[in-house]
J.: 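Next up is a structure, given as structure tokens.
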Amino acid sequence: AAAKRRGFREEIALARVERRAEREHVGLELDEDDRRAPAPKPPRGVPIAWAVAWFPPDQREAALAHWPYLADDIADPDHYAVHIETRLRNLHTAFGHRPTLAPIVVDQLIGWAAEEGYDAGSGEARSMYAAEVGRTGRAISWPPGRNDSCWCRSGRKYKRCCGRA
């Protein structure tokens with residue numbers, strides 16, 4: 001919706017590609033919007049910065065207090081980490097560039113959304129905030145080294161945690 005408002009045609013096409021891939025991944029039938037998605041073309045050689053929004057463990061309780069409808073997505077830390085890791089891998093595979101993780105600090109998201117005119121509880125706001133976190137250099141590089149601590153803050157090495165797959 002934000003890309004449509006701002007006239008970002010390429011971003012809209014990329015969002016459609018990602019949406020189609022996610023729907024295919026979970027076994028949903030394609031709809032008209034999915035059929036409008038262009039075939040993904042990895043933009044090799046073109047610098048792209050992807051930042052995936054992520055609620056760190058210390059922010060999940062605050063996120064659920066503000067937006068209880070996120071419970072299905074973020075309440076189970078292990079399931080949430082697997083979902084985020086899968087999204088990171090899919091982006092890397094589809095586009096050939098390594099995405100980053102944009103940790104969401106709930107109070108900062110709320111303040112940023114108010115300043116920018118977004119509903120802080122919307123996916124659009126989280127996506128735009130993730131882009132801002134990435135743009136300002138506060139995103140976390142992915143993937144960590146095999147023996148480095150996992151990005152999900154479990155305290156385990158990446159190879160024994162989210163990097164197992």
Side-chain angles (χ1 to χ4, degrees), residues 1-56 59-60 63-64 66-106 108-110 112-114 116-136 138-143 151-152 162-165:
K4 284 180 182 178
R5 271 200 324 263
R6 294 180 180 183
F8 298 152
R9 294 177 195 267
E10 290 180 21
E11 287 79 358
I12 292 169
L14 290 175
R16 283 187 172 134
V17 168
E18 183 178 343
R19 179 180 184 268
R20 179 180 179 153
E22 286 292 320
R23 289 174 58 87
E24 287 175 340
H25 177 73
V26 298
L28 296 174
E29 286 189 40
L30 300 181
D31 64 11
E32 184 60 34
D33 201 43
D34 295 327
R35 286 187 274 282
R36 292 175 63 193
K41 296 176 187 172
R44 308 268 181 213
V46 178
I48 291 182
W50 296 100
V52 174
W54 166 66
F55 288 105
Q59 294 298 308
R60 287 193 200 119
L64 291 172
H66 286 283
W67 311 294
Y69 55 85
L70 292 176
D72 288 344
D73 296 327
I74 70 173
D76 178 353
D78 293 331
H79 175 74
Y80 183 51
V82 167
H83 175 75
I84 296 294
E85 180 74 17
T86 300
R87 173 160 287 195
L88 292 163
R89 288 175 187 224
N90 288 344
L91 284 170
H92 181 248
T93 299
F95 300 105
H97 296 279
R98 296 200 184 277
T100 58
L101 283 149
I104 296 179
V105 176
V106 173
Q108 291 176 5
L109 168 62
I110 292 169
W112 177 88
E116 298 294 323
Y118 290 101
D119 169 13
S122 70
E124 177 184 6
R126 290 189 301 276
S127 293
M128 297 301 287
Y129 181 72
E132 179 67 12
V133 169
R135 187 188 68 75
T136 57
R138 296 176 287 149
I140 300 168
S141 296
W142 177 88
W151 61 264
C152 74
C162 293
R164 286 183 303 212

J.: CD of E124 to OH of Y118: how many Å apart, nearest 0.5 Å?
T.: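 With rounding to 0.5 Å, CD (E124) is 5.5 Å from OH (Y118).
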J.: Using 0.5 Å steps for rounding, measure from the CZ atom of R138 to the CD atom of Q108.
T.: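 Atom-to-atom, R138:CZ and Q108:CD are 6.0 Å apart.
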J.: Please report the shortest heavy-atom distance between G134 and A139, naming the atom on each side.
T.: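 Looks like CA-CB, 3.9 Å.
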J.: Determine which pairs satisfy salt bridge (charged side-chain N to carboxylate O under 4.0 Å, His left out) with at least one residue from residues 75-88, sequence neighbours left out, and list them in order.
T.: E18-R87, E22-R87, E85-R89
J.: Report the residues that fulfil ring pair (Phe, Tyr, Trp, His ring centres under 6.0 Å) with Y129, sequence neighbours left out, ordered by chain and then residue number.
T.: W112
J.: Locate the shortest heavy-atom distance separating I84 from A53; write the atom from each residue and the value.
T.: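 Here I84 and A53 meet closest at CD1-O, 3.8 Å.
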J.: Could you tell me whether the side chain of W142 reaches within less than 4.5 Å of the side chain of V52, counting heavy atoms only?
T.: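 A side-chain contact under 4.5 Å is absent here.
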J.: For T100 versus S141, what's the shortest heavy-atom pair and its separation?
T.: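 Shortest heavy-atom separation between T100 and S141 comes out as CG2-CA, 4.4 Å.
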J.: Out of curiosity, L64 CG to Y69 OH, how far, rounded to the nearest 0.5 Å?
T.: 10.5 Å
J.: Output the distance between atom CD1 (I74) and atom CD (Q59), rounded to the nearest 0.5 Å.
T.: 10.0 Å
J.: Looking at CZ of F55 and CG of L109, how far apart are the two atoms once the value is rounded to the nearest 0.5 Å?
T.: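 Those atoms lie 6.5 Å apart.
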J.: How far apart are the closest heavy atoms of D72 and H79, and which atoms are they?
T.: O-CD2, 4.4 Å
J.: Which atom pair, heavy atoms only, marks the closest approach of P56 to P103?
T.: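 In this case the closest contact between P56 and P103 is CG-CB, 3.7 Å.
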J.: Once rounded to the nearest 0.5 Å, what's the spacing between atom CH2 of W54 and atom CG of L88?
T.: 10.5 Å
